[in-house]
Number of protein chains: 4
Amino acid sequence: MSEASSQTRRQKVVEKEQSIIAATRTVFREHGSENVKISEIAKLAGLAEGTVYIYFKNKNALLLAVATDFYEDLTRDAAKGIKELAGTSDRLRFLARHHFERVADEWPMIALAMSPYQASNEYRNTEGYQLNRKYVEVFDQVIRESVNRGEIREELPLNIIRDIFYGGLEYAARTMRLRSTKTDLDKAVDDFMLVFSSGIFRSGPPKGVASGSGDMEAVVARLEKVAATLEK
Amino acid sequence: MSEASSQTRRQKVVEKEQSIIAATRTVFREHGSENVKISEIAKLAGLAEGTVYIYFKNKNALLLAVATDFYEDLTRDAAKGIKELAGTSDRLRFLARHHFERVADEWPMIALAMSPYQASNEYRNTEGYQLNRKYVEVFDQVIRESVNRGEIREELPLNIIRDIFYGGLEYAARTMRLRSTKTDLDKAVDDFMLVFSSGIFRSGPPKGVASGSGDMEAVVARLEKVAATLEK
Amino acid sequence: MSEASSQTRRQKVVEKEQSIIAATRTVFREHGSENVKISEIAKLAGLAEGTVYIYFKNKNALLLAVATDFYEDLTRDAAKGIKELAGTSDRLRFLARHHFERVADEWPMIALAMSPYQASNEYRNTEGYQLNRKYVEVFDQVIRESVNRGEIREELPLNIIRDIFYGGLEYAARTMRLRSTKTDLDKAVDDFMLVFSSGIFRSGPPKGVASGSGDMEAVVARLEKVAATLEK
Amino acid sequence: MSEASSQTRRQKVVEKEQSIIAATRTVFREHGSENVKISEIAKLAGLAEGTVYIYFKNKNALLLAVATDFYEDLTRDAAKGIKELAGTSDRLRFLARHHFERVADEWPMIALAMSPYQASNEYRNTEGYQLNRKYVEVFDQVIRESVNRGEIREELPLNIIRDIFYGGLEYAARTMRLRSTKTDLDKAVDDFMLVFSSGIFRSGPPKGVASGSGDMEAVVARLEKVAATLEK
DNA sequence: CATGAATGAGGCTTCATTCAT
DNA sequence: GATGAATGAAGCCTCATTCAT
């Protein structure tokens with residue numbers, strides 16, 4: 001077998017794997033995670049059931065491949081986007097939009113594909129966990145850098161920041177999915193970032209010391225008030 | 001048949017339903033959402049399999065009942081807790097802790113129990129959706145009130161606030177579950193509230209140049225807009 | 001549940017297990033070991049396929065139960081027969097006839113039922129091996145006793161004696177099975193015992209000193225031959 | 001096409017057939033008779049799966065070819081060995097050793113390869129049966145000759161003698177296979193021949209009551225001596 | 001001839017649901 | 001009402017066999 005033909009063969013295998021993975025994603029999207037049967041996937045990929053097993057050892061392996069594939073894309077694009085941006089705000093906004101978009105369609109699939117791994121007590125050793133780790137690492141780096149620059153309050157645990165970011169995004173994506181009226185994606189991301197960045201309160205949580213004067217925050221608050229008055 | 005005996009009968013039925021629901025929850029917790037079999041539930045409830053079908057039309061109906069039951073509890077307790085507290089901060093903190101606690105154990109169950117309903121395009125008409133609406137309504141009220149009091153920035157859509165709150169909490173709960181070391185629940189809630197209340201940035205998101213504070217640019221932009229408006 | 005009804009239930013279970021085991025044996029006999037499918041067994045037992053799995057965990061468990069059942073019968077009857085007989089000759093003849101009869105029909109089944117166990121390198125730890133051990137132990141005891149009484153040459157390893165006994169019987173049974181003409185069972189056992197007891201040679205293997213002994217009949221036969229020769 | 005090239009072609013075909021047969025044997029030995037897949041055989045033979053079907057009509061045909069090949073070897077070697085030996089004892093010992101050796105490794109394969117044929121009611125017409133006939137014919141000849149020479153008691157049916165010989169050997173081989181401690185092959189054959197030749201009893205089967213007057217054995221010994229003398 | 005990807009029949013097994021007792 | 005044995009549809013997976021290249 002010539003090297004060229006081997007190349008071609010390898011390519012064909014990869015292509016077919018990809019087509020099965022693609023079919024699996026489609027089944028998830030269109031049939032709901034309950035009805036992800038090999039028979040359905042095969043039908044959509046235009047193959048016999050047995051053929052799926054040539055390319056994937058069993059159903060779990062296929063689902064894991066789907067998740068891996070998805071995550072790798074996600075992680076690559078996230079990392080690339082970050083590199084091209086400098087400021088923390090822009091970076092986070094990019095990550096939010098990126099995640100929002102991708103996740104809107106495919107998260108349920110990922111959730112199911114990885115559910116057997118989450119069940120395990122040893123989840124942290126599973127491939128599913130590792131994939132997720134690598135993905136969020138991009139976010140974590142952005143945050144760490146920003147903390148080092150003194151932009152982010154260092155008393156906030158990274159875990160919490162991350163959970164709010166991704167948990168919030170997932171829910172927001174779900175909410176958007178449920179609304180028949182197509183909300184503007186950019187608007188949604190703007191709003192999300194607004195809350196994520198500055199919290200919900202006008203200026204620090206109420207019901208506490210009314211935070212100092214002389215500090216920047218107070219100035220901003222005052223200006224904002226003026227602005228608000230003027231706007232009326 | 002006397003009314004009293006009918007009462008008693010009704011009570012007995014409710015009791016049995018409750019015992020089946022309780023058994024179902026236990027199975028979820030102990031066997032993981034993959035392995036929730038009627039046989040297992042019946043065994044735990046001390047009943048024959050067939051008996052389950054006397055009280056619930058089918059498995060889906062049972063799961064929905066479990067979810068309903070869970071949500072009603074959740075909603076009642078949330079509403080009650082709110083009533084006993086006055087300040088927004090305290091109320092949100094209470095809701096956060098309450099959700100965190102409950103969700104940590106039982107969310108996987110709820111997710112599965114409602115998954116057939118989420119699949120539907122008509123999700124918003126489903127009972128699952130309605131249950132969720134009622135629950136988050138408690139949160140929504142707290143926020144609306146606070147907005148009215150001028151504590152919360154009114155430009156923030158309630159949806160986003162809510163998604164970040166619950167999405168963030170769910171992820172935080174999941175993170176905690178995955179860690180073998182039992183993190184302190186109160187500490188976690190504190191941290192969560194810190195971010196949720198005041199955002200991640202020291203004072204407004206930075207913008208490229210680590211401009212000390214506030215979202216200076218945003219403020220400027222807004223002021224310019226106001227100026228423009230005034231010019232007209 | 002009353003004790004009596006529990007008794008009855010237990011009985012019913014045992015009965016059904018037995019009927020499935022019986023059906024399995026029949027399938028073996030009539031369809032050949034290639035076609036022992038659960039579907040076939042269920043059909044013969046008048047049950048749905050799923051029902052088989054109520055009584056046996058899986059196909060292997062069923063086959064093992066069949067083998068166990070068979071062996072236990074075999075062993076019990078063998079032991080019982082031995083107890084009622086005194087002389088070694090009679091005992092061995094009984095064991096031979098007993099084995100011959102039983103094995104003629106069912107050995108192929110047993111062989112298959114236990115084949116997964118024989119494959120293992122750890123065969124000696126398997127249940128299949130243990131069943132066989134217990135069975136041949138009856139034979140072994142007869143031989144040991146006889147050796148102690150000085151009837152059997154003690155230089156012969158028990159292993160070899162046993163292998164020749166059971167191996168020979170199995171082959172003889174197979175031979176008989178293959179012949180359409182129904183050979184007389186007693187005659188076959190007689191012949192078998194003759195060879196087993198006294199070996200094939202008239203008196204010790206030829207090509208050496210015509211050692212030791214030999215059996216009476218053979219000697220008489222030879223003497224007659226000699227007489228005949230002399231008469232010429 | 002020249003005759004020579006046709007010859008060559010034929011040779012090539014035979015070679016390839018042989019390589020497939022050899023691969024099949026190896027698979028049997030190494031994977032156990034349960035897991036003999038065409039894919040495995042092809043891999044071992046360095047061929048594609050489809051190629052196997054060029055040389056053999058189907059799996060059964062291949063297995064039969066394997067059995068045939070094996071039997072032909074076995075028979076040829078047996079016949080050759082016999083020709084080079086004169087005495088019955090030596091000949092039988094040779095056959096025993098020969099069979100023992102070969103069978104130890106490969107019998108499971110043969111058993112499986114021929115099992116579809118044994119199932120048949122028409123087994124005696126099958127190729128499997130014929131192969132076996134030819135093989136044991138070598139043994140049968142040795143016995144018949146010996147009977148004619150008066151060494152073997154003519155009242156013993158050849159069938160029984162043969163069944164005990166081969167059945168005993170097969171079991172003995174199996175026993176040896178199961179023991180982790182590698183028993184000495186020659187010792188095993190010696191022991192086997194001892195029992196096979198002279199039976200298990202010291203001198204004729206005992207008969208419950210030690211019948212005779214004086215000592216039966218002594219009488220026999222005396223008569224035998226007379227017989228021996230007369231024979232000379 | 002050789003290939004090996006594709007096929008699909010058919011086996012095993014699970015489990016929600018039913019129904020005679 | 002309660003039972004739980006029985007059902008059978010349906011899913012996963014294997015592997016002998018075929019066929020276009």
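Lettering of chains follows the sequences in order, A, B, ..., and the numbering in each one begins at 1.
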Could you state the [atom1]-[atom2] distance from [X] to [N], rounded to the nearest angstrom?
{"X": "K12(D)", "N": "dC1(E)", "atom1": "NZ", "atom2": "P", "value": "10 Å"}
{"X": "E40(B)", "N": "dT14(E)", "atom1": "CD", "atom2": "C1'", "value": "13 Å"}
{"X": "H31(B)", "N": "dC15(E)", "atom1": "NE2", "atom2": "P", "value": "11 Å"}
{"X": "L62(C)", "N": "dT13(E)", "atom1": "CG", "atom2": "P", "value": "10 Å"}
{"X": "Y53(A)", "N": "dG4(E)", "atom1": "OH", "atom2": "P", "value": "24 Å"}
{"X": "K59(C)", "N": "dC13(F)", "atom1": "NZ", "atom2": "C1'", "value": "15 Å"}
{"X": "N58(B)", "N": "dT18(E)", "atom1": "CG", "atom2": "P", "value": "8 Å"}
{"X": "E49(A)", "N": "dT14(F)", "atom1": "CD", "atom2": "P", "value": "13 Å"}

When we call it a touch if two heavy atoms are under 4.0 Å apart, what does [X] touch: a base, just sugar-phosphate, or nothing?
{"X": "K57(D)", "value": "nothing"}
{"X": "I54(B)", "value": "base"}
{"X": "Y55(A)", "value": "sugar-phosphate"}
{"X": "V13(D)", "value": "sugar-phosphate"}

Subject >> Y53(A) side chain reached by I38(A) side chain, heavy atoms, under 4.5 Å >> reply: yes
Subject >> Heavy-atom side-chain proximity of D69(C) to Q18(C) below 4.5 angstrom >> reply: yes
Original post:
Which of these nucleotides, dA2(E), dA16(F), dG8(F), is closest to any side-chain atom of I38(D)?
Top reply: dA16(F)
Original post:
Salt-bridged, E15(C) to K12(C), with N to O below 4.0 Å?
Top reply: no
Subject >> Contact nearer the 5' end of DNA chain F, comparing N35(A) with K16(C) >> reply: K16(C)
Subject >> Base-pairing assignment for dA20(E) (Watson-Crick or G-U wobble, both under 3.5 Å) >> reply: dT3(F)
**OP:** Establish, with yes or no, whether the OP1 or OP2 oxygen of dA5(F) is under 4.0 angstrom from a side-chain nitrogen or oxygen of T51(C).
**Re:** no
Subject >> Nearest-nucleotide 5' precedence on DNA chain E, A48(A) against G50(D) >> reply: G50(D)
Original post:
Of L47(A) and K37(B), whose nearest nucleotide on DNA chain E comes first from the 5' end?
Top reply: L47(A)
